[in-house]
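Remember, predicted model here, so these are calculated numbers, not experimental data. In what follows, every chain begins at residue 1, and chains take the letters A, B, ... in the order their sequences are listed.
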2 protein chains.
Amino acid sequence: MPLLKPITSPTLLANEAICKANIARMAKKAAKHHVALIPHFKTHQSLEVGNWYKEFGINEITVSSIQMAAYFSGQSWKNIHIAFPFNPLEINLLNRLVKDHSISIQLVNAEVAQALADRLTSPVEFFIEIDAGYGRAGVEVSDFGKIEEIMRIANRSDKLDFKGFYIHAGHTYHANKEGIHAIHGQTKAALRMLKDKYCDEFPDLITRSGDTPSCSIEEDFEGIDEIGPGNFAFYDLTQASIGSCDKSDIAVALAAPVVDIRKEKREILIHGGGIHLAKDVLINNDGTNNYGEVVLLTEQGWTIPATTSFLKSISQEHGLIKATDELINNIQIGDILGILPVHSCMTADCMRGYFSLKGEKLDHLKGQKAY
Amino acid sequence: MPLLKPITSPTLLANEAICKANIARMAKKAAKHHVALIPHFKTHQSLEVGNWYKEFGINEITVSSIQMAAYFSGQSWKNIHIAFPFNPLEINLLNRLVKDHSISIQLVNAEVAQALADRLTSPVEFFIEIDAGYGRAGVEVSDFGKIEEIMRIANRSDKLDFKGFYIHAGHTYHANKEGIHAIHGQTKAALRMLKDKYCDEFPDLITRSGDTPSCSIEEDFEGIDEIGPGNFAFYDLTQASIGSCDKSDIAVALAAPVVDIRKEKREILIHGGGIHLAKDVLINNDGTNNYGEVVLLTEQGWTIPATTSFLKSISQEHGLIKATDELINNIQIGDILGILPVHSCMTADCMRGYFSLKGEKLDHLKGQKAY
């Protein structure tokens, strides 16, 4: 089946070979360092892409909402971990889900722990999420009072089983390699300290850390038992810019029709904007905005040109490419260009589904009917 | 039916009364200035919200893609205009759609005009889109060569009917009132000049202009026959910041559950992030980022607090609010806060559906199954 001919409007291409190579590399690294890989599926949110992990021995997964956990349940995963501070309004939903599926959750305060202890109908394992410097979510690493308050509530309950500590050091996404190394050091130190402090009481406690930059770049995971990166399966220009991957490791590209060319300005207008790519942006060395970079589509996938053309601006449906001479001299209205995304998780969420390079449609949680 | 009780996860509330007041105000203004209001539906993308316009005499609409035109077809609209440079890969789709529906399109180059002349099976009306300074799409206003080339192709064809000139001055979104006034002046001057130049040959030619800021703020539409604003139906914080509306005119708010509170840092963590609100951002006076502002939800809708709490950062699912003392002292984990969006079109596209204040679900194009 031809790949490009059926494409007439913005379409997200997923390259299975690149994605599987990314998974294989991370699985090999995890094995080498004796850590379990429990990948985060919030990046692709796809049952079919999820199946690609199975040949690499992955049997537990991570998600970011209870709706996503429900979507992936019934797919023979041994456990699904919801890596988001548990929302107490969803206890009834959780009670329904844990009847038939192994689900673990994440806690950051005593209030929700107590609500769960009071209202859970089946036992649920939980991590305590720790904030070791990111500042987004979690108990501050030195707040032993709060950590132990959650533990006490769990100890008194027959419904809450403490599993360990979880850190997502998301500030690595905004760091360079030295910064990532420093942050990873803090993550390891925090998890080691907590393990040492609580291992007598909880000899089986597990430590887990999540961010793709650290998992991609670092080579020392001492003190960490499990890693839960997500973005690494697809990667994107953000990860390439901080050194987590090469651009050739990026596994998704938006296929976008060319609707106008302004040769004298070296500008190409595509159908492909903020509702397709999302509005994540990188800043080029010269200070200009970069909402995505051009790749050349082929029947086998795409190739990365030697010189970079990039999306200089986007609005709801429009994308405006600043093109190199090479591109502008070889493009026609009606052609389809590929765009490597700045943030693949957000692009996938906007696009709600994929085309494989065989031209097959692949599902996405958001591609289901909303109501 | 209680409004808030059924809400347990991020939900977009649409306030019909505010939205209808916005439509009524714009319809009244259009009537006063003897311009036709052909509203853009890319903001709400909803059949049910679309029906709210009908009581104000609206019978033609604007959309931003052929998929959106197909979605709104069959809803008794007299005409649907696709305000996006026509994508020549979608000529077959257009041929199918125009069999049963009145659709008009937009052209910016001779190549697509010729492709349509060659392949259209039924006549279609078109605007020539003019770029009078925005720099995104359209024929440059002084490029009479290109304008007349498109006209010649249409004249030779029995399938392309020239309707007039269209300008979307989207740079008003980044301007203040003085800037908007200056841009609106350029838009009017450009459309007047083009009308004068071509009215002998095309005595029925129509001029249309689209942006919400100009349509909201300006009081002189000389030279403009039709206006096509979209965002005004919902408005948002961007429009409030540039003076197009008051915050009390914003007709949508994201209902987002509170999952953690860090009282000492005056921070509130909500389930509500980039996949719910999109990542459009305003910059506060002190240089901090603002991804949305807190409103207090009630069974009747929401109220705007006297002091402003705002989303200081968002990631895929998380939103972190910088809260005032008043808010932090009156909030509990498990409460639901409202968030006024920075860019309502993008938020609606992310959320793929609405709850009315009666607790009824309202549709969105993207809430349909993806494939």
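The side-chain heavy atoms of Ser65(A) and His271(B), taken from C-beta on, include a pair separated by under 4.5 Å. Looking only at side-chain heavy atoms (C-beta outward), Leu269(B) and Val108(A) stay at 4.5 Å or farther from each other. Contact annotation: the side chain of His318(B) never approaches that of His168(A) to less than 4.5 Å [non-hydrogen atoms, C-beta and beyond]. Annotation: side chain of Ile333(B) is in contact with side chain of Val112(A) (closest heavy-atom distance under 4.5 Å).
Of the atoms belonging to His364(A), not a single heavy atom falls under 4.5 Å from chain B. Using a 4.5 Å cut-off between heavy atoms, Gln106(A) does not touch chain B at all. Looking at Leu320(A), only its side chain comes within 4.5 Å of chain B, counting heavy atoms on both sides. Proximity to chain A (any heavy atom under 4.5 Å) is shown, for Ile66(B), by neither the backbone nor the side chain. Using a 4.5 Å cut-off between heavy atoms, Ala137(A) touches chain B through backbone and side chain atoms alike. Looking at Asp349(A), the atoms closer than 4.5 Å to chain B (heavy atoms on both sides) all sit in the side chain, from C-beta outward. Contact annotation for Pro88(A): only side-chain heavy atoms (C-beta onward) come within less than 4.5 Å of a heavy atom of chain B. Looking at Ile91(A), there are no atoms closer than 4.5 Å to chain B (heavy atoms on both sides), in backbone or side chain.
Side-chain atoms of Glu317(A) do not come within 3.5 Å of backbone N or O of Phe84(B) as any donor-acceptor pair. Checked by atom type and distance alone, the side chain of Asn87(B) pairs as donor or acceptor with a backbone atom of Thr8(A) at under 3.5 Å.
Heavy-atom pairs under 4.5 Å with chain B peak, among Ala370(A), Gly135(A), Gly334(A), Ser9(A), at Ala370(A). Ranked by non-hydrogen atom pairs under 4.5 Å with chain B, the options Arg352(A), Lys369(A), Gln332(A), Lys279(A) are led by Arg352(A). Listed options Met351(B), Met346(B), Gln368(B) were ranked by heavy-atom pairs under 4.5 angstrom with chain A; first place goes to Met346(B). Across His343(B), Lys366(B), Lys312(B), the residue that shares the most heavy-atom pairs under 4.5 angstrom with chain A is Lys366(B). Chosen from Glu90(A), Glu111(A), Gln67(A), the residue pairing most often with chain B at heavy-atom distances under 4.5 Å is Glu90(A).
By the 4.0 Å N-to-carboxylate-O rule, Asp131(A) lies close enough to Arg262(B) to be salt-bridged with it.
Residue Ser64(A) holds its OG atom at 5.0 Å from CD of Gln316(B), rounded to the nearest 0.5 Å. One finds the CD atom of Glu267(B) at 12.5 Å from the CZ atom of Arg136(A) (value rounded to the nearest 0.5 Å).
Heavy atoms only, all atoms of each residue included: Ile7(A) and Leu89(B) are closest at O-CD1, 3.9 Å.
Around the NZ atom of Lys265(A), the shell of radius 6.0 Å holds more than 12 heavy atoms that belong to other residues, nucleotides or ligands.
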